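A short worksheet on the structure shown next.
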Amino acid sequence: MNRRHFLRTAALAVAAFAGRAVAAPLAAAEKFFKEPPWRRKKPYWGYAVDVAKCIGCGRCVDACKTENDVPREPFYFRTWVERYVLRRTGEVSVDSPNGGLDGYPAPREPESIAQSFFVPKLCGHCENSPCEQVCPVGASFKTVDGVVLVDRKYCIGCRYCIQACPYGCRYFHPELQVADKCTLCYHRITKGLQPACVENCPTGARMFGDLSDPESALTKFRETERIQTLKPHMGTEPKLVYKGLHKEVR
Amino acid sequence: MKDIRHLLHVAAAFVVVIIGFLIARHLVVPKSFGRIGHYRADAVDEIKALPLRYAGEQACAPCHRAQAKAKASSRHKGIRCESCHGALQAHAEAPSSLKPAKPKEGEMRAFCARCHEKNLSRPAKFPQVDPREHNPGVACSQCHPPHQPK
């Protein structure tokens, strides 16, 4: 064995061992980041809506405004209910008078309607939330249990986040002059209560629970039903899922 | 020698600016910022401490056993007390401090219609009536006890 041969063999051996030494932690890191965060953290909150159960009574909208001091005027909503009307002509119309707070009048021209249903909307507490990413000061953030919140004392009121949310789930609070949004009733869920909208839903169309608990009703719902999120192509990965969503729903 | 003095001036200016920046940063950035993530950790506690308005159904049953029991075996079992009676945390803490609302006879038909009025947009299997045709003029509660509708 000459010196050159020895050096080459040694270098190959070192490279092989170095490769193995790096590969294991890399695989672990990859697994860590691919795995949903609720495998790692307990609790981790999620939400589901069963569209076929919603009767459009608006109790949730009222409860949300009451619980969270959301201004009563239209345009200020942390959650609202939309009504879709699909006509036989193919025309699709969506309305939400006062967010559904006062209920819905019967739709006009019932003969021409192919389908009509209600869709409750709220913040999806996205895993990759655009609103959190655009905040210039760190006033929008995600808690360790997966809830996207706004720090009212730190928000400078620049409204970037309101622009950034593809779901329209934020509004500018007219009195506090800060961005405001659904907190999943963080002050309730951390005390073992349900969010006000879930508490007040008469039909069980709204569901809230712990994604990290394999036995929770929400986990079971996600595992047994065919669920969807809104605007999946945006890559936001909302933790709000819908069952029975029509393709026209945006 | 003169060149080094120049450099020392610049270095001193840098040190002053950096120290000034650190002091300003210390004064401006809130104490708890960054403790958990890129946000003010105290904000989480502030939001947790917001006041409750809805007590939740489990709070009502100990004092209103009759209504809770009636409702638990009825078609209205899925509806929480406060969906119909409003936010009652204050009442649940001190019953005399807040007298809960309950729909009056005259408002009953509109109150029940909120959920039960016939509407094409509602799921077809949900029980619905047309209040103009379904026993008009009589309060719904005369025939359907609200806590145990039949």
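Every chain is numbered from 1 and lettered A, B, ... according to where its sequence line falls, protein lines coming before strand lines. Predicted model only: the values in this text are computed from it and were never measured.
- Heavy-atom distances place no part of A:V51 under 4.5 Å from chain B, backbone and side chain included.
- Here CZ of B:F126 is found 7.5 Å from SG of A:C57. Values are rounded to the nearest 0.5 Å.
- Residue A:C135 does not touch chain B at all, counting heavy-atom pairs closer than 4.5 Å.
- In this structure, the portion of A:C201 lying under 4.5 Å from any heavy atom of chain B is its backbone and not its side chain.
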Practice task
Kindly indicate, with the supporting measurements, whether the criterion side-chain contact (heavy atoms from CB on, under 4.5 Å) is fulfilled by A:F141 and B:I36.
Solution key: CA-CA 11 Å; A:F141 59 95; B:I36 311 175; over 6 Å; no

Polar contacts chain B-chain A (donor-acceptor, d < 3.5 Å, no H, no angle):
{"unit_1": "B:R40", "atom_1": "NE", "unit_2": "A:D151", "atom_2": "OD2", "d": "2.6"}
{"unit_1": "B:R40", "atom_1": "NH2", "unit_2": "A:D151", "atom_2": "OD1", "d": "2.9"}
{"unit_1": "B:R40", "atom_1": "NH2", "unit_2": "A:D151", "atom_2": "OD2", "d": "3.3"}
{"unit_1": "B:E46", "atom_1": "OE2", "unit_2": "A:K153", "atom_2": "NZ", "d": "3.2"}
{"unit_1": "B:K48", "atom_1": "O", "unit_2": "A:K191", "atom_2": "NZ", "d": "3.0"}
{"unit_1": "B:R53", "atom_1": "N", "unit_2": "A:E67", "atom_2": "OE1", "d": "3.2"}
{"unit_1": "B:R53", "atom_1": "N", "unit_2": "A:E67", "atom_2": "OE2", "d": "3.2"}
{"unit_1": "B:R53", "atom_1": "NH1", "unit_2": "A:T66", "atom_2": "O", "d": "3.3"}
{"unit_1": "B:R53", "atom_1": "NH1", "unit_2": "A:D69", "atom_2": "OD1", "d": "2.7"}
{"unit_1": "B:R53", "atom_1": "NH1", "unit_2": "A:D69", "atom_2": "OD2", "d": "3.4"}
{"unit_1": "B:R53", "atom_1": "NH2", "unit_2": "A:D69", "atom_2": "OD2", "d": "3.4"}
{"unit_1": "B:Y54", "atom_1": "N", "unit_2": "A:E67", "atom_2": "OE1", "d": "3.0"}
{"unit_1": "B:Y54", "atom_1": "O", "unit_2": "A:R188", "atom_2": "NH1", "d": "2.6"}
{"unit_1": "B:Y54", "atom_1": "O", "unit_2": "A:R188", "atom_2": "NH2", "d": "3.3"}
{"unit_1": "B:E57", "atom_1": "N", "unit_2": "A:E199", "atom_2": "OE2", "d": "3.1"}
{"unit_1": "B:R80", "atom_1": "NH1", "unit_2": "A:E199", "atom_2": "OE1", "d": "3.1"}
{"unit_1": "B:R80", "atom_1": "NH1", "unit_2": "A:E199", "atom_2": "OE2", "d": "3.2"}
{"unit_1": "B:S83", "atom_1": "N", "unit_2": "A:N200", "atom_2": "OD1", "d": "3.2"}
{"unit_1": "B:S83", "atom_1": "OG", "unit_2": "A:N200", "atom_2": "O", "d": "3.1"}
{"unit_1": "B:S83", "atom_1": "OG", "unit_2": "A:N200", "atom_2": "OD1", "d": "3.3"}
{"unit_1": "B:R114", "atom_1": "NH1", "unit_2": "A:C57", "atom_2": "O", "d": "3.0"}
{"unit_1": "B:R114", "atom_1": "NH1", "unit_2": "A:L101", "atom_2": "O", "d": "3.4"}
{"unit_1": "B:N119", "atom_1": "ND2", "unit_2": "A:Y104", "atom_2": "O", "d": "3.2"}
{"unit_1": "B:S121", "atom_1": "OG", "unit_2": "A:R83", "atom_2": "NH1", "d": "3.3"}
{"unit_1": "B:S121", "atom_1": "OG", "unit_2": "A:S116", "atom_2": "OG", "d": "2.8"}
{"unit_1": "B:R122", "atom_1": "NE", "unit_2": "A:I55", "atom_2": "O", "d": "2.6"}
{"unit_1": "B:R122", "atom_1": "NH2", "unit_2": "A:I55", "atom_2": "O", "d": "3.3"}

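- Evaluated for a side chain to side chain contact (heavy atoms under 4.5 Å, CB included) with B:I47, the options A:V147, A:V150, A:L149 yield exactly one hit, A:L149.
- Residue contact with chain B, scored on non-hydrogen atoms closer than 4.5 Å, involves the backbone and the side chain of A:I55 alike.
- Annotation: residues 9-18 of chain B contacts chain A through no residue [non-hydrogen atoms, separation under 4.5 Å].
- Options B:G34, B:G56, B:A113, B:A41 differ in how many heavy-atom pairs under 4.5 Å they form with chain A, and the most are formed by B:G56.
- Residue contact with chain A, scored on non-hydrogen atoms closer than 4.5 Å, involves the backbone and the side chain of B:L52 alike.
- The two residues A:L193 and B:A55 come nearest to each other via the heavy atoms CD2-O, 3.8 Å.
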